[in-house]
Engineer: 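For reference, the structure I am asking about is given below.
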Amino acid sequence: VDGCPVGWSEMGSPNFQGEEKLRRLVEGMKLYEKAGVDFNEINESCPNTQHGKPQDDDLANRLRYIQEHFLKQRERRLPVIVKFSNDTETSQVVPLLDLLFELGYDGVNFGNTSTAYARRRERIVESERVLYDYFTSTFGGGVSGRPLKESSLELAATAVQHVKAGPPTQEFHVIRTGGIESWRDIQQSENEGISLNQWFT
């Protein structure tokens, strides 16, 4: 469709481990670059950071590998953003963004879904909680939709404030995902300076 940007969300396959997993991820990113996608999104879901210091854990190692083997070798200015879970703590936002700034990423997405079932349960309509409990205990997976509205706004707004306070040398965008249902939700994002709203079914 003319004028409609296409992005692709990617993550390392659980079938592989270690460097092979990262190598295959980068191979996939290069294939999508050749296919003409308008942006790549790395799905990190929930950062496994310790005490808000992502520079010292596996997340940083993965992002550095992608920097070395993809970001520095891009054949065109293809934006690469990193998506984190709505379960990210607000105290983690600044160190996460500083790492992305340092490594030359182009944006961040807060957030994906949530596996904090007890926390999200408070936002579930009371008549649907029995079904919610059954589904989350039987199947698991990520919760999306309305229960994430407040956390996605808070995380993305915190990220925008940090981008403005200590701007990176590269163009950098903040994307919000989770609980966006109405024009009012989009207006709230606009008021906070969030670049893009993402939602999925």
Side-chain angles (χ1 to χ4, degrees), residues 6-76 78-120 135-144 148 151-152 155 159 168 170 172-175 177-178 198 200-201:
V6 175
W8 201 263
S9 182
E10 299 154 312
M11 62 176 287
S13 170
N15 297 328
F16 304 103
Q17 299 299 323
E19 186 170 345
E20 182 181 12
K21 183 175 186 173
L22 292 170
R23 179 175 56 79
R24 288 175 178 267
L25 171 62
V26 168
E27 286 173 359
M29 294 176 70
K30 290 179 177 178
L31 289 173
Y32 284 107
E33 180 182 30
K34 286 184 171 61
V37 297
D38 297 292
F39 67 91
N40 271 341
E41 180 178 76
I42 306 299
N43 185 358
E44 277 291 341
S45 193
C46 189
N48 56 341
T49 58
Q50 299 295 323
H51 310 296
K53 295 181 179 177
Q55 294 84 351
D56 302 325
D57 75 359
D58 287 343
L59 168 66
N61 294 332
R62 291 193 297 273
L63 294 178
R64 286 195 181 99
Y65 185 96
I66 294 169
Q67 176 206 34
E68 191 65 32
H69 295 88
F70 186 80
L71 296 185
K72 290 183 176 180
Q73 300 179 26
R74 284 178 283 192
E75 297 177 2
R76 57 187 169 95
L78 175 65
V80 178
I81 61 176
V82 182
K83 177 167 66 178
F84 296 110
S85 166
N86 271 290
D87 295 337
T88 306
E89 298 294 334
T90 52
S91 62
Q92 294 175 309
V93 171
V94 168
L96 285 171
L97 261 64
D98 285 342
L99 180 63
L100 297 181
F101 296 167
E102 173 195 336
L103 297 178
Y105 285 85
D106 305 287
V108 68
N109 184 347
F110 288 110
N112 191 12
T113 54
S114 170
T115 56
Y117 301 137
R119 176 182 172 193
R120 306 303 173 185
F135 192 92
T136 54
S137 63
T138 305
F139 302 106
V143 175
S144 61
L148 310 182
S151 62
S152 69
L155 289 165
Q170 72 272 32
F172 193 92
H173 292 276
V174 176
I175 300 167
T177 306
Q198 189 181 92
F200 48 88
T201 60

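If you're wondering where the values come from, they're calculated on a predicted model, not measured in any experiment. Positions are given from 1, in the same order as the sequence printed here.
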Engineer: Show the numbers, then the answer: is there a side chain to side chain contact (heavy atoms under 4.5 Å, CB included) between Leu25 and Lys21?
Structural biologist: CA-CA 6 Å; Leu25 171 62; Lys21 183 175 186 173; 6.0 Å; no
Engineer: For Arg119, which residues count as a salt bridge (Lys or Arg N to Asp or Glu O under 4.0 Å) partner, sequence neighbours excluded?
Structural biologist: none
Engineer: Taking atom CD of Gln17 and atom CG of Leu22, what is their separation to the nearest 0.5 Å?
Structural biologist: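 Reported to 0.5 Å precision, the distance equals 10.0 Å.
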Engineer: With Tyr117, which residues qualify under ring-ring contact (aromatic ring centres under 6.0 Å, His included), at least two apart?
Structural biologist: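 In terms of ring-ring contact (aromatic ring centres under 6.0 Å, His included), with neighbours along the sequence ignored, Tyr117 is linked to no residue.
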Engineer: I'd like to know whether Phe172 forms a side chain to side chain contact (heavy atoms under 4.5 Å, CB included) with Val108, so could you lay out the CA-CA distance, the side-chain angles of the two residues, the decisive distance to 0.1 Å, and finally the verdict.
Structural biologist: CA-CA 8 Å; Phe172 193 92; Val108 68; 3.9 Å; yes
Engineer: Nearest 0.5 Å please: distance from the CZ atom of Arg24 over to the CD atom of Glu19.
Structural biologist: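 The CD atom of Glu19 is 12.5 Å from CZ of Arg24, to the nearest 0.5 Å.
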Engineer: Could you walk me through whether Glu27 and Arg23 pass salt bridge (Lys or Arg N to Asp or Glu O under 4.0 Å), step by step?
Structural biologist: CA-CA 6 Å; Glu27 286 173 359; Arg23 179 175 56 79; 2.9 Å; yes
Engineer: With sequence neighbours excluded, what pairs up with Tyr105 under the ring-ring contact (aromatic ring centres under 6.0 Å, His included) test?
Structural biologist: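 ring-ring contact (aromatic ring centres under 6.0 Å, His included) check on Tyr105 returns nothing, list empty.
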Engineer: Quick one about Ser151 and Arg120 (side-chain donor to acceptor, distance below 3.5 Å, no hydrogens or angles considered), yes or no?
Structural biologist: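 Result is yes, a qualifying pair exists.
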Engineer: For Glu10 and Asn43, which I'm curious about, is there any donor-acceptor pair between the side chains at under 3.5 Å?
Structural biologist: no
Engineer: Where do Asp87 and Thr115 come nearest, in terms of heavy atoms and distance?
Structural biologist: OD2-N, 2.8 Å
Engineer: Looking only at the side chains, is there a donor atom on one of Thr177 and Asn109 sitting less than 3.5 Å from an acceptor on the other?
Structural biologist: yes
Engineer: Listed by chain and number, what are the side chain to side chain donor-acceptor pair (under 3.5 Å) partners of Ser9, not counting sequence neighbours?
Structural biologist: Glu41
Engineer: Spell out, as yes or no, whether a donor-acceptor pair under 3.5 Å connects the side chain of Asn86 to the backbone of Ser152.
Structural biologist: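 Yes, because the side chain of Asn86 sits within donor-acceptor range (under 3.5 Å) of the backbone of Ser152.
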Engineer: Could you tell me if the side chain of Ile81 sits less than 4.5 Å from the side chain of Ile42, heavy atoms only?
Structural biologist: no
Engineer: Measuring from Thr113:OG1 to Leu148:CG, what's the distance to the nearest 0.5 Å?
Structural biologist: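 Nearest 0.5 Å value for the OG1-CG distance: 7.5 Å.
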Engineer: Please tell me if the side chains of Val26 and Lys30 come closer than 4.5 Å, counting only heavy atoms from C-beta onward.
Structural biologist: yes
Engineer: First locate atom CD of Gln170, then atom CG of Leu71, and finally report the distance between them rounded to the nearest 0.5 Å.
Structural biologist: 9.5 Å
Engineer: Is there a donor-acceptor pair under 3.5 Å between the side chain of Gln92 and the backbone N or O of Glu89?
Structural biologist: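 Side chain of Gln92 to backbone of Glu89, a donor-acceptor pair under 3.5 Å: yes, one is there.
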Engineer: Given side chains that start at C-beta, do those of Val93 and Phe84 come closer than 4.5 Å, heavy atoms only?
Structural biologist: no
Engineer: Short question: side chain of Glu44, backbone of Leu59 - any donor-acceptor pair under 3.5 Å?
Structural biologist: no
Engineer: I need the minimum non-hydrogen distance between Pro79 and Asp106, along with the two atoms involved.
Structural biologist: CA-OD2, 3.3 Å
Engineer: First locate atom CZ of Phe110, then atom OG1 of Thr90, and finally report the distance between them rounded to the nearest 0.5 Å.
Structural biologist: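 The distance works out to 10.0 Å.
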Engineer: Run the ring-ring contact (aromatic ring centres under 6.0 Å, His included) test against Phe135 and tell me which residues pass, sequence neighbours left out.
Structural biologist: Phe139
Engineer: Can you measure from CZ (Phe101) to CG (Leu96) and round to the nearest 0.5 angstrom?
Structural biologist: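 Phe101 CZ to Leu96 CG: 10.5 Å, rounded to 0.5 Å.
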Engineer: Please examine the side chains of Glu102 and Arg64, heavy atoms only from C-beta on, and report whether any two atoms are closer than 4.5 Å.
Structural biologist: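 Yes, side chains in contact.
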Engineer: According to the side-chain hydrogen bond (donor to acceptor under 3.5 Å, both in side chains) rule, which pairs have a member within residues 31-40, sequence neighbours left out?
Structural biologist: Trp8-Tyr32
Engineer: Using side-chain heavy atoms (C-beta onward) and a distance below 4.5 Å, is Met29 in contact with Val37?
Structural biologist: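 The answer is no; the side chains never approach within 4.5 Å.
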